[in-house]
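Below: the structure, in structure tokens.
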Amino acid sequence: MQTIHWIIKDITKKDHAIKEAGSVIAQGGLVAFPTETVYGLGANALDGQAVKSIFQAKGRPADNPLIVHVATIEEIAKVSSKCTETAHKIMQAFWPGPLTLVLPKTDSVPKEVTCGLDTVAVRMPNHPVALKLIMEAGVPVAAPSANLSGSPSPTTAQHVIDDLEGRINGVLDGGPANLGVESTVLDISNEIPIILRPGGVTAEQLEEVIGPVRHYKGLENHHSQISPRSPGMKYKHYSPKAGIILIEGQAEDIVLHTKELINRYQKENKKVGVLSSEESAHNYPGTEVLHYGKRNNPASAAAVLYAALRSFDLLGVDIIIAEGMPETGLGKAVMDRLKRAASSVVRL
Ligand code: AMP
Ligand code: MG
């Protein structure tokens with residue numbers, strides 16, 4: 001299959017690329033598109049066959065359900081039968097934006113989208129290209145991240161091409177995704193809402209609008225056999241080819257331990273990559289250092305995290321040592337992704 005590369009020139013003018021991409025989706029094809037979180041791989045959410053081809057293109061496990069993307073609040077009626085007051089409050093506050101709600105599903109949502117669950121995950125992305133594409137397609141769009149399953153999520157059209165060229169109908173290039181981590185997935189079916197996956201909207205922001213929320217704790221360990229509430233959470237995710245050792249603790253302790261590990265691996269003739277904060281990057285000469293910005297600026301870390309993990313692959317490092325950051329605000333999502341990507345976690 002030839003993958004068309006549409007470059008968006010001016011979203012304010014009539015952009016034929018988006019119209020064309022929308023009709024590809026309407027006809028059952030697969031189109032990757034930019035959102036504010038990461039690039040998504042979209043198909044008509046009401047067409048089971050089209051949705052099935054997303055799983056094939058990505059090599060995604062068949063029991064990991066997809067998020068359905070809508071362009072208007074009214075469009076939710078096509079996929080969900082019941083929207084509570086809390087749901088509306090959350091939509092008003094956070095849509096369009098990086099917040100996914102798990103809602104009861106209608107019969108028109110095929111089992112391929114939800115992997116047989118009786119709920120459907122829905123969000124409205126905050127990106128002009130994504131919103132226009134959904135409008136042009138005329139249907140809700142099911143879309144996971146547009147990468148090969150297991151590898152770091154794509155934050156540029158080039159990342160999508162590197163992973164999926166020849167496996168999808170096209171990619172809309174709207175520049176880099178600026179947030180850089182996926183949406184927060186929220187379950188509001190209990191009295192106290194549960195964050196199933198931390199993401200772009202923080203627990204602190206949610207609590208300002210709906211009061212206390214809880215973090216889903218049932219699956220800290222992705223090797224667990226327990227049937228998870230948010231099925232995608234049981235898989236190891238977001239990993240570059242080299243193993244990652246994630247180090248958590250106070251900044252000074254992390255630096256000391258990282259130096260020790262570098263020594264150890266260099267003695268074994270291994271090429272070491274370090275993902276560090278900007279403040280401590282100078283501590284690791286003789287390694288491939290990529291920094292994620294200031295230790296207390298998780299927004300900067302989120303924006304560069306996946307691109308950095310992909311760069312380590314291109315640099316051909318044998319092992320990556322990653323400095324952890326505080327889990328406040330967006331730091332929670334950054335650390336969640338790093339823990340899922342890591343082959344081991346050291347807590348100092
Ligand atoms: P991805 O598309 O790879 O960003 O992952 C989508 C996330 O949403 C995964 O963690 C899924 O498990 C979660 N998800 C999708 N649908 C549902 C649902 N109906 N109930 C709970 N979690 C869901
Ligand atoms: Mg994904």
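Atoms within a ligand are numbered from 1 in the order they appear, just like the ligands themselves.
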### Task
Could you tell me whether Glu204 and Lys332 have a side-chain N and a carboxylate O separated by less than 4.0 Å?
no

## Note on the structure
If we number the atoms of ligand 1 from 1 as shown, the ones under 4.0 Å from a heavy atom of Arg197 are 1 (P), 4 (O), 5 (O), 6 (C), 7 (C)

### Message
With no hydrogens and no angle check, just 3.5 Å: does a side-chain donor-acceptor pair link Thr258 and Asn283?
### Response
no

### Carboxylate-amine/guanidinium proximity below 4.0 Å for Arg340 and Asp336
yes

### Query
Near the Mg ion (ligand 2), is there an N/O/S atom from Asn147 that is less than 2.8 Å away?
no

### Task
Heavy-atom contacts with Pro144 under 4.0 Å: which atoms of ligand 1 show up? List them by number with element.
2 (O)

### Side-chain H-bond candidate by donor/acceptor type, Ser277 with Glu323, under 3.5 Å
yes

### Message
Does any part of the side chain of Asn297, heavy atoms only, come nearer than 4.5 Å to the side chain of Tyr292, both counted from C-beta?
### Response
no

### Query
Looking only at heavy atoms, is any part of Lys105 under 4.0 Å from ligand 1, and if so is it the side chain, the backbone, or both, or is it neither?
neither

### Query
Counting distance only, does the side-chain N/O of Gln266 pair as donor-acceptor with the main-chain N or O of Gly286 below 3.5 Å?
yes

### Query
Counting only heavy atoms, which portion of Asp187 has something under 4.0 Å from ligand 1: side chain, backbone, both, or neither?
neither

### Per-residue contact class, Thr119 against ligand 1 - non-hydrogen pairs under 4.0 Å
both

### Task
Taking only heavy atoms of Asn64 into account, list the atoms of ligand 1 that are under 4.0 Å away from them.
9 (C), 11 (C), 12 (O)

### Query
Less than 4.0 Å between a side-chain N and a carboxylate O, is that true for Arg310 and Asp163?
yes

### Atoms of ligand 1 close to Leu117 [distance to a heavy atom under 4.0 angstrom, numbered from 1]
18 (C), 19 (N), 20 (N)

### Summary
The answer for which part of Thr100 has a heavy atom under 4.0 Å from ligand 1 is neither

### Message
Testing the 3.5 Å rule here: is there a donor-acceptor pair between the side chains of Glu182 and Tyr306?
### Response
yes

### Query
Could an N or O of ligand 1 be found under 3.5 Å from any N or O of Glu182, whether backbone or side chain?
no

### Message
Please tell me whether Ser183 and Arg197 have a donor and an acceptor in their side chains that are separated by less than 3.5 angstrom.
### Response
yes

### Query
Hey, is Lys58 touching ligand 1 through its side chain, its backbone, both or neither, going by heavy atoms under 4.0 Å?
neither

### Task
Report yes or no: does a heavy atom of Val102 sit under 4.0 Å from some atom of ligand 1?
yes

### Message
At under 4.0 Å between heavy atoms, is it the side chain or the backbone of Ile67 that contacts ligand 1, or both, or neither?
### Response
side chain

